[in-house]
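First listed ligand is number 1; within each ligand, the first listed atom is number 1.
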Amino acid sequence: MAAAVKNRSCGASSFIFLFSVVSLCQSLFSGGDTFQRKLSVELNPGSSSPPPGGDLLHVRAVGNNDTLHFLFCSQGAPTLLLVHTDTTSSTVKVNWTQFIDRNHSGGLQVEPETSILYSTALVFSRLLEYDDVNDTADPTSDLLPPYELQDFSWSRLNLSGPTALLCGAAATFTNGSLCLQLSVFEAEGRDQSWPRLLHTANSSQLRVWLNGMSPRASHSRFLLELQSVGGASPLSRVEVHRSINDEYTPSIFKVSRWVPFVNGSSGAPGFVQWKPVAYRRSEPALEDATPCRHSEPRPQSGGATESGLVRGFYAEPETFVLNVSFGLAGEPFYNSTKFLSWALLVGSGSPPVDSFSPLVLSTMAVGLGTPMILLLLGGVCVCARKRTVASATAYEPIN
Ligand SMILES: *[C@@H]1O[C@H](CO)[C@@H](O)[C@H](O)[C@H]1NC(C)=O
Ligand SMILES: *[C@@H]1O[C@H](CO)[C@@H](O)[C@H](O)[C@H]1NC(C)=O
Ligand SMILES: *[C@@H]1O[C@H](CO)[C@@H](O)[C@H](O)[C@H]1NC(C)=O
Ligand SMILES: *[C@@H]1O[C@H](CO)[C@@H](O)[C@H](O)[C@H]1NC(C)=O
Ligand SMILES: *[C@@H]1O[C@H](CO)[C@@H](O)[C@H](O)[C@H]1NC(C)=O
Ligand SMILES: *[C@@H]1O[C@H](CO)[C@@H](O)[C@H](O)[C@H]1NC(C)=O
Ligand SMILES: *[C@@H]1O[C@H](CO)[C@@H](O)[C@H](O)[C@H]1NC(C)=O
Ligand SMILES: *[C@@H]1O[C@H](CO)[C@@H](O)[C@H](O)[C@H]1NC(C)=O
Ligand SMILES: *[C@@H]1O[C@H](CO)[C@@H](O)[C@H](O)[C@H]1NC(C)=O
Ligand SMILES: *[C@@H]1O[C@H](CO)[C@@H](O)[C@H](O)[C@H]1NC(C)=O
């Protein structure tokens, strides 16, 4: 009788143990977000002919009871504007006469104005080049005259679905170009190429690459100057968080988030997020990865006047500016491959956070699971043995 009870409790504890392992695995695997948005793409809304000075792309991403408007424009410096509204019926209205003049606010409006929850713009303002003769990767050393992106001649937008490609070059580039690719998503997923950033339906991805241009010095390295423009809560500081190093972004342990200052416990209304890595080839191997660094964001007065979108949408914007520099001391210079590519996310709400990938999970499962199964088997054996011993003793009195 006692033996039977003991035996049952043995079985039960093994079962509970197994069950908790399985449920732990399940909770690690799930966490996939099923939220979706309906996308619609419009080029130069309200204009019958391609406007002079560059295209304006409008991607509408409609959720259950809100809308994200992604606006991407090459009138002046290339700019992405994200506007979050609390209705599914908000619209974008452009007065092309005013918008093209680029000298007053109101050329582009999101209506109704009261539906706007949050807006932020990211301006790609300058490409900086320096001659790193002593190989110190110090971007203040021998700065060459900067390239103003508003002065580039930009191509028309090349659209394929919710993805747009924009390439341009300075008049002084003998060869090559700087390209920006915007992708907007209807659901959570991951990009095909490194750093394989995780995106959601609330974020868009921008990939920037500098391909085939001839550097002006023999030891050239580059920086990109970015401006964030916002109304109520501009992106004012960069937080660096630990991240998981897995097969999606090998050897990178950090993620950088450019976020607004938020007072209180309410979550951030928006973000720009990137992994601090760029790649020296379009189809990179691990050794083509090159770390990048950012400078502290600095407030800038006057607003991003070089951007048509910022001029058209904001009346009195607040602007912060930072540099992202590519490459560290001792690493190959730009001329080694004449290619550099970097990616970032721009979104509303909280930024997506990487969780363990299935590969890492199965490795962990094998690594942890095997000893656990052995333990479990060991437990079962001990139980079984106790039972035989118990039954043996139980029968003894009869002999
Ligand atoms: C939007 O819908 C979600 C559920 O789908 C609800 O929780 C939320 O309160 C709604 N927000 C507004 C502003 O109506
Ligand atoms: C656009 O702006 C111009 C100049 O301010 C104005 O004259 C014109 O009426 C506006 N057009 C529309 C359709 O509002
Ligand atoms: C904007 O520029 C246009 C053409 O360059 C000019 O006619 C107009 O007066 C300017 N408006 C303002 C408010 O500066
Ligand atoms: C960006 O880098 C350039 C060159 O080093 C420097 O002159 C400029 O002040 C930097 N801007 C910011 C915001 O740090
Ligand atoms: C490079 O190093 C030399 C010798 O140490 C020094 O004189 C020179 O100023 C350095 N150049 C730069 C751009 O730092
Ligand atoms: C547009 O992009 C596609 C791929 O994204 C490319 O194959 C095509 O050549 C591009 N067209 C132009 C005119 O650049
Ligand atoms: C520009 O590209 C052409 C064709 O790819 C190449 O022959 C030429 O050498 C390049 N010029 C420079 C300055 O790199
Ligand atoms: C995206 O935004 C919607 C609406 O604001 C929200 O319900 C949803 O949870 C967000 N999804 C993520 C992954 O942040
Ligand atoms: C944060 O909020 C509290 C209470 O709402 C206020 O007293 C404080 O001044 C705020 N701080 C900043 C920096 O805005
Ligand atoms: C790049 O420039 C450096 C310095 O001039 C030179 O030593 C190196 O050979 C160049 N690399 C390539 C691939 O041209």
Side-chain angles (χ1 to χ4, degrees), residues 31-38 43 55 61-68 82-88 115 117-118 123 125-132 136-148 154-168 177 179-189 192-193 198-204 207 209 211 220-228 235-238 258 266-271 273 282 292-301 304 319-326 345 347-355:
D33 179 41
T34 54
F35 178 72
Q36 289 215 343
R37 289 183 182 275
K38 260 208 181 68
L43 191 60
D55 285 323
V62 181
N64 300 330
N65 52 14
D66 69 341
T67 305
L68 293 174
L82 166 59
V83 183
H84 186 198
T85 65
D86 67 1
T87 155
T88 53
S115 71
L117 296 171
Y118 173 72
V123 183
S125 47
R126 299 199 292 174
L127 178 69
L128 304 162
E129 179 179 3
Y130 64 101
D131 188 12
D132 192 11
T136 53
D138 172 12
T140 55
S141 59
D142 251 341
L143 208 62
L144 296 157
Y147 292 108
E148 299 286 341
W154 294 103
S155 65
R156 290 275 154 197
L157 284 182
N158 179 355
L159 296 185
S160 72
T163 298
L165 178 64
L166 174 71
C167 289
S177 58
C179 294
L180 290 101
Q181 187 182 44
L182 171 75
S183 311
V184 181
F185 311 100
E186 52 187 18
E188 185 181 91
Q192 287 302 304
S193 18
L198 177 71
H199 58 251
T200 67
N202 297 342
S203 51
S204 61
R207 187 176 280 280
W209 64 91
N211 185 12
S220 278
R221 296 192 197 276
F222 288 89
L223 298 92
L224 204 51
E225 185 189 84
L226 304 178
Q227 301 183 345
S228 86
L235 307 180
S236 56
R237 62 205 172 94
V238 178
W258 195 0
S266 63
F271 64 90
Q273 173 165 286
S282 57
C292 49
R293 297 167 292 165
H294 63 266
S295 66
E296 277 309 305
R298 280 207 314 241
Q300 178 171 292
S301 57
T319 305
F320 282 81
V321 55
L322 64 70
N323 288 329
V324 175
S325 72
F326 304 103
L345 297 181
S348 85
S350 315
V353 177
D354 273 309
S355 56

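Contact annotation: the side chain of Phe271 approaches that of Pro352 to within less than 4.5 Å [non-hydrogen atoms, C-beta and beyond].
Each of Leu143, Asp142, Asp138 was compared with Thr140 under the side-chain contact (heavy atoms from CB on, under 4.5 Å) criterion, and only Asp138 meets it.
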Write 'none' if nothing qualifies; otherwise put on separate lines each N/O atom of ligand 4 with a protein N/O atom under 3.5 Å away and their distance to 0.1 Å.
| unit_1 | atom_1 | unit_2 | atom_2 | d |
| --- | --- | --- | --- | --- |
| ligand 4 | 2 (O) | Asn323 | ND2 | 2.2 |
| ligand 4 | 5 (O) | Pro139 | O | 3.0 |
| ligand 4 | 9 (O) | Arg298 | NH2 | 3.3 |
| ligand 4 | 11 (N) | Asn323 | ND2 | 2.9 |
| ligand 4 | 14 (O) | Ser295 | OG | 3.3 |

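Checked by atom type and distance alone, the side chain of Ser203 never pairs as donor or acceptor with a backbone atom of Leu345 at under 3.5 Å. For Trp258 (side chain) and Leu235 (main-chain N/O), a donor-acceptor pair under 3.5 Å exists by modelled atom type. A donor-acceptor pair is defined here as one N or O able to donate and one able to accept, closer than 3.5 Å; no such pair exists between the side chain of Glu296 and the backbone of Arg237.
Distances below 4.0 Å separate heavy atoms of Asn202 from the following atoms of ligand 8: 1 (C), 2 (O), 3 (C), 8 (C), 10 (C), 11 (N), 12 (C), 14 (O).
Taking any N or O of Thr200, backbone or side chain, none lies under 3.5 Å from an N or O belonging to ligand 8. Considering backbone and side-chain N/O atoms, Ser160 never comes within less than 3.5 Å of an N/O atom of ligand 6.
Residue contacts with ligand 8, taken as heavy atom pairs separated by less than 4.0 Å, involve Arg37 solely via side-chain atoms from C-beta onward. For Asn64, no heavy-atom contact with ligand 8 is shorter than 4.0 Å.
A salt bridge links Asp66 to Arg37: one of the charged nitrogens lies within less than 4.0 Å of a carboxylate oxygen.
The number of heavy-atom neighbours closer than 6.0 Å to CZ of Arg156, taken from other residues, nucleotides and ligands shown, is above 12.
Partners of Cys179 under the disulfide (SG to SG under 2.5 Å) rule, at least two apart in sequence or in another chain, are Cys167.
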